[in-house]
Amino acid sequence: MKQLLLFLLLAASTAAAAPRVGTHGSYTRVVFDLPRQVSSSPANPTTRVTGQSVTVKLGVTLRAEGGPLSAPGVTAYAVAGGTVTVTLAKGHADAKVQVIPSQGGQPARLVIDVPTAAAARVPALPVRSAAPAAVTRPASTRAVTRPRVVLDPGHGGVDPGMQSRWVQEHAVTLDVALHVRDVLRQHGVDVVMTRESNTDLSADKATDLDKRSKLATNDKTSAYVSIHVNASTDPAGQGIETYYFGQPMPGRSRSLAVTENGGGSVGQELTRRAAGSAQNLLGDLLAQAKLSFSRQLAQKVQSRLIAATGAMNRGVQTDAFYVIRNPTTAAILIEIGFGSSPVEGPRLAQPAYRDRVAEAIARAILDFLNMP
């Protein structure tokens, strides 16, 4: 699997014997585990990117080692004392470096992200016109692989989702998702839609949700984003919130997950199954890596949405949503507002506001993919 699902593997007691390397959509990530005694970020790490190498000087001593790397954008690494050097492949001259403090029983880590040629050199799609535009072909004949994103407009078909005097969920989510699709495609992203009209993948809710989520259970997908509209019996209920899969936050009820999982007895059963899956993930390091990426994507989306709309910030949370329990990549569910709210319902009914929401989601996904 070419996703970075090895991100949280356990380190050796002093330092990792070799870095972990993986590709994630538009970049290659190289991860060095730091000594266990490092409980926080090393003081004043310095980074220099010159020629074909990235050099990071740390305030800790690592075991001397080195060797080749086999991944897009990188060819070798070397560690000497407190200096880590990663050699870049020809045509690469950029990298993002961060040191992640130890947390959750995991050691501190040095993370080096190198944008890949595929991501850096994919041109924006041309605007459709009557006459085809001239095509300038790259000097290299190597196939360009686009990052792939699955967009899931919630509900549709036999399940319209929430309905109010202002909006119907299935229509709002589809309109927003189609706009997100268009923006991403303009930036060279391959987009797969779970639906492009008022349809479902199955009249049976469990089968429908399974089919939607399984569109992202492969090593070619970089992100899975499910879009929904919230509702409440309290007219004061409003705001935007973004979820990644897991047990619900302490003190929260399961009412929202039950609703989005189909409602009624069906929703309760699917939520029960999803909650069981969430419990099983606690000891699975690969699953924890996926959840780490999901949390990063959720945070970027939530931040962009609040900045773009000025809506109440209900934060990033976890819950047992059935549709995001299966994907083997970063997967999130967004509640873009309360259609039942006399404030947000009319806003969501406005095409211009939905466009603003879609632009924010698309920009956050591009940020996550390290794409301009």
Side-chain angles (χ1 to χ4, degrees), residues 3 25 147-162 168-182 184-185 189-231 241-246 254 256-264 266-278 281 287 290-291 293-294 297-298 301 318-336 358 361-362 365 368:
Q3 302 291 334
R148 175 176 296 172
V149 171
V150 176
L151 296 179
D152 172 43
H155 306 277
V158 297
D159 178 14
M162 71 77 54
Q168 292 188 327
E169 183 172 8
H170 73 89
V172 172
T173 60
L174 179 60
D175 185 63
V176 170
L178 289 174
H179 191 136
V180 175
R181 176 202 65 183
D182 293 345
L184 293 180
R185 285 181 175 173
V189 179
D190 180 22
V191 180
V192 175
M193 300 285 294
T194 62
R195 67 181 180 95
E196 294 185 297
S197 60
N198 185 20
T199 59
D200 48 48
L201 302 186
S202 173
D204 176 72
K205 191 64 180 178
T207 303
D208 177 62
L209 294 177
D210 270 331
K211 287 184 174 181
R212 291 176 190 240
S213 66
K214 286 178 180 177
L215 287 172
T217 51
N218 58 64
D219 62 356
K220 297 180 181 179
T221 303
S222 300
Y224 182 99
V225 177
S226 188
I227 301 172
H228 292 256
V229 175
N230 219 331
E241 53 196 0
T242 306
Y243 290 85
Y244 61 100
F245 186 72
R254 282 276 169 77
L256 180 57
V258 171
T259 298
E260 300 297 11
N261 289 340
V266 171
Q268 291 176 0
E269 171 59 20
L270 295 186
T271 302
R272 184 190 66 77
R273 293 186 205 173
S277 298
L281 294 182
K290 168 205 159 183
L291 297 183
F293 284 118
S294 298
L297 176 57
V301 167
T318 59
D319 209 340
F321 293 105
Y322 199 79
V323 76
I324 56 174
R325 91 193 198 287
N326 280 328
T328 53
T329 186
I332 64 171
L333 184 147
I334 315 166
E335 296 283 354
I336 60 174
I361 295 173
I365 294 172
F368 179 73

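Only heavy atoms go into these numbers, but all of them, side chains included; no hydrogens, no water, no symmetry mates.
- Of all the heavy atoms in Asp190 and Arg148, the pair that sits closest is OD2-NE, 2.8 Å.
- Shown here for Asp200 and Val158, the closest heavy-atom pair between the two residues is OD2-N, 2.8 Å.
- Listed by chain and residue number, Val176, His179, Val180 satisfy the side chain to side chain contact (heavy atoms under 4.5 Å, CB included) test with Ala358 (two or more places apart in sequence, or in another chain).
- Every side chain to side chain contact (heavy atoms under 4.5 Å, CB included) that Ser197 has, sequence neighbours left out, goes to Thr199.
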- Criterion side-chain contact (heavy atoms from CB on, under 4.5 Å) on Leu174 and Asn198, from CA distance to verdict: CA-CA 8 Å; Leu174 179 60; Asn198 185 20; 5.5 Å; no
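- Listed here is the closest heavy atom pair of Arg185 and Val191: NH2-O, 3.3 Å.
- Partners of Ser202 under the side chain to side chain donor-acceptor pair (under 3.5 Å) rule, at least two apart in sequence or in another chain, do not exist in this structure.
- In this structure, the salt bridge (charged side-chain N to carboxylate O under 4.0 Å, His left out) partners of Arg181, at least two apart in sequence or on a different chain, are Glu196.
- Distance check, rounded to the nearest 0.5 Å: OH of Tyr244 to CD1 of Ile332 gives 12.0 Å.
- The shortest distance between side-chain heavy atoms of Arg195 and Thr173 falls below 4.5 Å.
- Between Arg212 and His155, the shortest heavy-atom contact is NH2-O, 2.8 Å.
- Panel note: side chain Glu169, backbone Val229; a donor-acceptor pair is recorded below 3.5 Å.
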- How far apart are the C-alpha atoms of Thr207 and Leu201, what are their side-chain angles, what is the distance that settles it, and do they pass the side-chain contact (heavy atoms from CB on, under 4.5 Å) test? CA-CA 8 Å; Thr207 303; Leu201 302 186; over 6 Å; no
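- Applying the salt bridge (charged side-chain N to carboxylate O under 4.0 Å, His left out) test to Asp175 and every residue at least two apart in sequence or in another chain returns Arg354.
- The two atoms that bring Tyr224 and Thr329 nearest to each other are N-CG2, 4.2 Å, heavy atoms only.
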- Message: For a side-chain contact (heavy atoms from CB on, under 4.5 Å) check, start with the C-alpha distance between Ile336 and Ile361, then their side-chain angles and the critical distance, and finish with the verdict.
- Response: CA-CA 10 Å; Ile336 60 174; Ile361 295 173; 4.3 Å; yes
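- In this structure, the separation between OH on Tyr243 and OG on Ser226 is 13.0 Å, given to the nearest 0.5 Å.
- Between the side chain of Thr242 and the main chain of Ile334, no donor-acceptor pair closer than 3.5 Å is present.
- In terms of the side chain to side chain contact (heavy atoms under 4.5 Å, CB included) criterion, residue partners of Ala177 (sequence neighbours excluded) are, by chain and number, Pro153, Met193, Ile227.
- Asp152 approaches His228 most closely through the heavy-atom pair OD2-NE2, 4.4 Å.
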